[in-house]
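Beneath this line is the structure, given in structure tokens, with notes to follow.
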Amino acid sequence: RSSDLEKRTVLGGEANSVAVDPVRERIVRRAVLEFRNEMYVNLGIGIPVLASNYIPKGMTVHLHGENGLMGLGPFPSEDQVDPDLINAGKETVTILDGGSFFSSEESFAMIRGGHIDVTMLGAMQVSRFGDIANWMVPGKLVKGMGGAMDLVSSTGAGTKVVVTMQHRTKNGEPKIVDKCTLPLTGKRCVNQIITEMAVFDVDEKKGLILTEIYEGLSVDDVKTATDASFVVSPELKTMGQIE
């Protein structure tokens, strides 16, 4: 029943309507540039899942939900809401023509086996060499790990792990750090970090490499907001945005 929905998420309307603030939208518009035609992609809860609304026309991206969905579409309009169609974050979604449904066992076999090309997820902290903490803050109630550990471990099987997050916390503390202080989700597993300020690649030997910077910002601005050392790419460019 529609009234039983935990997160009735729609495009427009009132209940949990999708209104993206400019900072989050900037991150998402850059993240979508990582997509290629016919890719299989898993989008995590929060900023990553918003990317489903920005996939360019003419591009086919197969969006995977670890709760057993392949072929996720944008958030529904009010008249498309189906209480039986939700993503891993319990938000209402749509399924595209040709989409499929399967068990959690099969879903995580796809993830662990490296059959997903890209996984995008949020984080509370990412370290210089790609450690990630994104599942709990000590002392606060959490519902559980979810699929995060499986998703980040798939980098060893060939999946690209991309973190999309705001550069600092609401209190202004850096989220890109030399060493994570929160409980880890995975070690040396993040390949790329996309924030509203910059894009970093993570090299297993050099650590963070600044590859893109948002228009109007300087490298010093990024250094001030980052609690980890990084190398500036000789090919540093302005951060891209999908139209």
Side-chain angles (χ1 to χ4, degrees), residues 1-21 23-25 27-28 31-32 34-35 40-55 61-78 80-96 99-108 110-111 116 118-126 132-137 140-154 159 161-166 169-170 175 182-183 185-186 190 194:
R1 294 178 304 168
S2 182
S3 59
D4 293 333
L5 289 171
E6 187 167 330
K7 292 185 180 179
R8 184 187 182 92
T9 309
V10 298
L11 289 170
E14 297 297 328
N16 295 325
S17 62
V18 183
V20 186
D21 77 88
V23 170
R24 290 161 67 91
E25 184 175 24
I27 298 169
V28 172
V32 172
E34 294 303 306
F35 295 165
Y40 289 83
V41 177
N42 180 283
L43 299 178
I45 300 168
I47 293 175
V49 77
L50 298 173
S52 63
N53 301 309
Y54 294 87
I55 296 172
V61 178
H62 307 282
L63 297 181
H64 170 263
E66 63 250 41
N67 56 323
L69 303 172
M70 183 67 77
L72 288 169
F75 287 122
S77 58
E78 192 64 48
Q80 290 177 312
V81 171
D82 183 341
D84 291 326
L85 278 179
I86 59 171
N87 62 21
K90 300 181 180 179
E91 299 168 316
T92 49
V93 294
T94 58
I95 194 85
L96 300 178
S100 57
F101 304 89
F102 35 85
S103 68
S104 291
E105 291 91 339
E106 290 175 301
S107 181
F108 280 95
M110 294 176 192
I111 294 167
I116 306 299
V118 174
T119 184
M120 287 187 177
L121 65 168
M124 299 172 191
Q125 291 179 332
V126 181
I132 180 173
N134 81 336
W135 74 282
M136 74 167 292
V137 176
K140 291 191 176 182
L141 180 66
V142 292
K143 293 184 177 180
M145 168 61 68
M149 280 189 172
D150 294 273
L151 290 167
V152 300
S153 69
S154 63
T159 299
V161 175
V162 180
V163 168
T164 57
M165 66 180 186
Q166 294 190 32
T169 67
K170 292 179 180 178
K175 296 173 73 172
L182 296 172
T185 308
V190 175
I194 300 172

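Heavy-atom basis, side chains included; hydrogens, waters and symmetry copies ignored.
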Examine distances only and state if a side-chain atom of N87 and a backbone atom of G65 form a donor-acceptor pair shorter than 3.5 Å.
->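 Side chain of N87 to backbone of G65, a donor-acceptor pair under 3.5 Å: no, none is there.
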If only atom types and distance count, is the side chain of T159 paired as donor or acceptor with the main-chain N or O of V118 below 3.5 Å?
-> no
First locate atom [atom1] of [X], then atom [atom2] of [Y], and finally report the distance between them rounded to the nearest 0.5 Å.
| X | Y | atom1 | atom2 | answer |
| --- | --- | --- | --- | --- |
| T185 | L151 | OG1 | CG | 10.0 Å |
| I47 | M165 | CD1 | CE | 9.5 Å |
| T94 | F75 | OG1 | CZ | 9.5 Å |
| L96 | L72 | CG | CG | 8.0 Å |
| I132 | M149 | CD1 | CE | 11.0 Å |
| L182 | Q125 | CG | CD | 4.0 Å |

Starting from the C-alpha separation in whole Å, work towards a yes-or-no answer on side chain to side chain contact (heavy atoms under 4.5 Å, CB included) for R24 and L50.
-> CA-CA 9 Å; R24 290 161 67 91; L50 298 173; 3.9 Å; yes
For [X] versus [Y], what's the shortest heavy-atom pair and its separation?
| X | Y | result |
| --- | --- | --- |
| P74 | S52 | CA-OG, 4.1 Å |
| N134 | A148 | OD1-CB, 3.8 Å |
| V163 | G122 | CG1-C, 4.4 Å |
| P183 | A133 | O-CB, 3.3 Å |

Taking salt bridge (Lys or Arg N to Asp or Glu O under 4.0 Å) as the test, write out the residues that go with E34, two or more places apart.
->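 Counting only residues at least two positions away or on another chain, E34 forms a salt bridge (Lys or Arg N to Asp or Glu O under 4.0 Å) with R30, K160.
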Taking side chain to side chain contact (heavy atoms under 4.5 Å, CB included) as the test, write out the residues that go with [X], two or more places apart.
| X | value |
| --- | --- |
| A51 | V28, V32, F35, L43 |
| M70 | Y40, H62, H64, S100, F102, M110, I116 |
| N67 | L69, I86, A88 |

Taking C-beta and beyond as the side chain, do V41 and T119 meet within less than 4.5 Å on heavy atoms?
->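 No - every pair of side-chain heavy atoms lies 4.5 Å or more apart.
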Minimum side-chain heavy-atom gap D84-F101 below 4.5 Å |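 Counting from C-beta outward, D84 and F101 never come under 4.5 Å.
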Residues two or more places apart in sequence or in another chain: which of them pass side chain to side chain donor-acceptor pair (under 3.5 Å) with Q80?
-> S77
Derivation and outcome, side chain to side chain contact (heavy atoms under 4.5 Å, CB included), residues V162 and V190 = CA-CA 6 Å; V162 180; V190 175; over 6 Å; no
Evaluate the criterion side chain to side chain contact (heavy atoms under 4.5 Å, CB included) for residue pair V126 and K175; output intermediate values, then yes/no.
-> CA-CA 6 Å; V126 181; K175 296 173 73 172; over 6 Å; no
Let me see the working for L63 and N42 under side chain to side chain contact (heavy atoms under 4.5 Å, CB included), right down to the final yes or no.
-> CA-CA 6 Å; L63 297 181; N42 180 283; over 6 Å; no
